[in-house]
Amino acid sequence: MAGTTVQPTSRTRSWWGWGWADAHPDDAECVAMGALLPGTLARPLPVPRVRDLDIAAPAVAAPSSLAHLVRDDPADRAAHAMGKAYRDVVRALRGRPGRIPDLVARPTDEQEVADLLDWAGDRQVAVVPYGGGSSVSGGVEYRGDAHRAVLSLDLTAMGRVLEVDTEGRAARIQAGALGPSLEDQLRPHLLTLRHFPQSFEFSTLGGWLATRAGGHYATGHTHIDDFVQSLRVVTPAGTSGSWRLPASGAGPSPDRLFLGSEGALGVITEAWVRLQERPRHKASASVTFTDFQDALRAVRALAQCDLSPANCRLLDAGEAALAGAAQGDRAVLVLGFESADEPVARRLERAVRLALSYGGRRGGAGGGSPAATPGGDAAVRAWRSAFLRMPYLRDGLARMGAVAETFETAATWDRIPGLIDAVRTEVGAAALRATGHPATVNCRLTHVYPDGAAPYFTVLAAGRAGDEVALWDDLKAVAGEVLHRYRATITHHHAVGRDHRPGYDLQRPEPFALALRAAKGALDPRGILNPGVLVD
């Protein structure tokens, strides 16, 4: 049973910043935010315009057989030049977006992907696979000059749910399906993938798979990996299609080769993914803590019990204040449960009682009748609103010349307290040395496991006019040194891209790097696929 393609919205995406162009803070809101952070500009940088960029004519032209798939419009090319990290936003604001692709292609099926790769290989054209463009690690841009030209391969014209197996609760979905369209196509079947990263509106299934994205669930099935049955991947050496299976012990998994490969080994074109019934019962609550160490112990206990909350996010006092979820020096734990077949209020109450036993204070609860959307208490509502709005506010602060960015990691529980303290201390000290102004370094836990957790840090600091990118790179290098010292991963769910390559090169074992380079050479012998990500 096949789904239908949902028509795209008429709203316009921002070419330079996060999300929708009409959702960005106006100048007055930017100034108000900047006033709260010492060392920012007096007035915001102007919103950048494509017509002010120096965009060279394309270095190549597509052959007539592929011309209908390819565009060379300057606005389209500029919108595909980079992702949506802070350093990308600042480069656009300063009129320095980097290498702009020569062409943008939008294939509609697997054969057209293969034809485009064949042509690009023959012409020494680098191919950068592109989904929603929400990368925050330099994963969708080209750096360097080793190739004659650059083609951005936009998969969003391949956005259909092709089959739905209601008995097996699975679906075959094209890689270019954006989050909202994917869910809209599954809704008539009363099923859901329920993978909701913060970028859900602006990212695709293929992007989630290629970057091993983290999603909705704070415990249990935290990554898109957990939902994959099989993949189809087009490589310059041929098309790989794994069997659709519930499980297998037949040697190393072919899917594991391509999950997280970031377009360096092949172009993911479709996948069979596991679905679930849409939840009808939801309940949420918050618990506050005056001692962050007590809060960490409470979260560890929740991760190690059998309750499996869908949401278990711990905000330190600074992050809670930033989200409007608390005032003063209280950390906030946001808890949420959901189910398709039974009420969850009792599970929520058990989780709250467990948190209270570690020194927490009850914040409130929310729930609803089946099919209703519960509001939760005020802290839960404030966190949810801030979660969706924060990337837009980041861009507003960037217009004020400030550093406003995040990074995430994961480590075992024995290292978590020291890791969080070291990041706060050392990144904060580096920002003060570089700018002369104190910085804010906040932390939240986004995903928790029985053996560890994923801390997510927010850095707010004064900038250096015209030198914001170098400043952030320096602060990120300090953070990377701390992560390496604590044996914490360079990224839990934001992918390696190009920005995290130094940390990834230190983290991975050399024999694995040797095997990865061999796989790259075998599958992409002419080195055209997303050069510079993962491996050289």
Applying side chain to side chain donor-acceptor pair (under 3.5 Å) between Y456 and each of T406, T409, T446, report the one that passes. T406

Give a yes or no on whether a salt bridge exists between D27 and R399, defined as a side-chain N under 4.0 angstrom from a carboxylate O. yes

Tell me which pairs pass salt bridge (charged side-chain N to carboxylate O under 4.0 Å, His left out) where either residue lies in residues 299-321, with sequence neighbours left out. D306-R350, D316-R424, E319-R444

For residues S242 and D255, report the shortest heavy-atom separation together with the two atoms involved. OG-OD1, 2.6 Å

Does a sphere of radius 6.0 Å around CZ in R187 hold more than 12 heavy atoms from other residues, nucleotides or ligands, not counting ones at 6.0 Å or beyond? yes

Charged N to carboxylate O under 4.0 angstrom, E201 versus K84? no

Does R498 use its side chain to pair, donor to acceptor, with the backbone of G138 at less than 3.5 Å? yes

In this structure, is the centre-to-centre distance between the rings of H447 and H493 below 6.0 Å? yes

Check the side chains of T222 and Y449 for a donor-acceptor pair under 3.5 angstrom, ignoring hydrogens and angles. yes

May I ask you to decide whether E349 forms a salt bridge with R362, counting only side-chain N to carboxylate O separations under 4.0 Å? yes

Is a salt bridge present between D225 and R256, judged by a nitrogen-to-oxygen distance below 4.0 Å? yes

Who passes ring-ring contact (aromatic ring centres under 6.0 Å, His included) against F387, sequence neighbours left out? W383

H216 and side chain to side chain donor-acceptor pair (under 3.5 Å): which partner among H195, H221, E338? E338

In this structure, which one of L302, V380, L354 forms a side chain to side chain contact (heavy atoms under 4.5 Å, CB included) with L335? L302

State whether the side chain of H494 and the backbone N or O of F407 hold a donor-acceptor pair below 3.5 Å, judged by distance alone. no

I would like to know whether F202 and W20 meet ring pair (Phe, Tyr, Trp, His ring centres under 6.0 Å); could you show each step before the answer? CA-CA 9 Å; F202 311 111; W20 303 113; 5.3 Å; yes

Check whether the side chains of Q229 and R244 place a donor and an acceptor atom closer than 3.5 Å, and report yes or no. yes

A quick test of your reading: do over 12 heavy atoms of other residues, nucleotides or ligands sit less than 6.0 Å from CZ of R346? no

Between T491 and E408, does any side-chain donor sit less than 3.5 Å from a side-chain acceptor? yes

Can you check whether E29 reaches H24 side chain to side chain, under 4.5 Å on heavy atoms? no

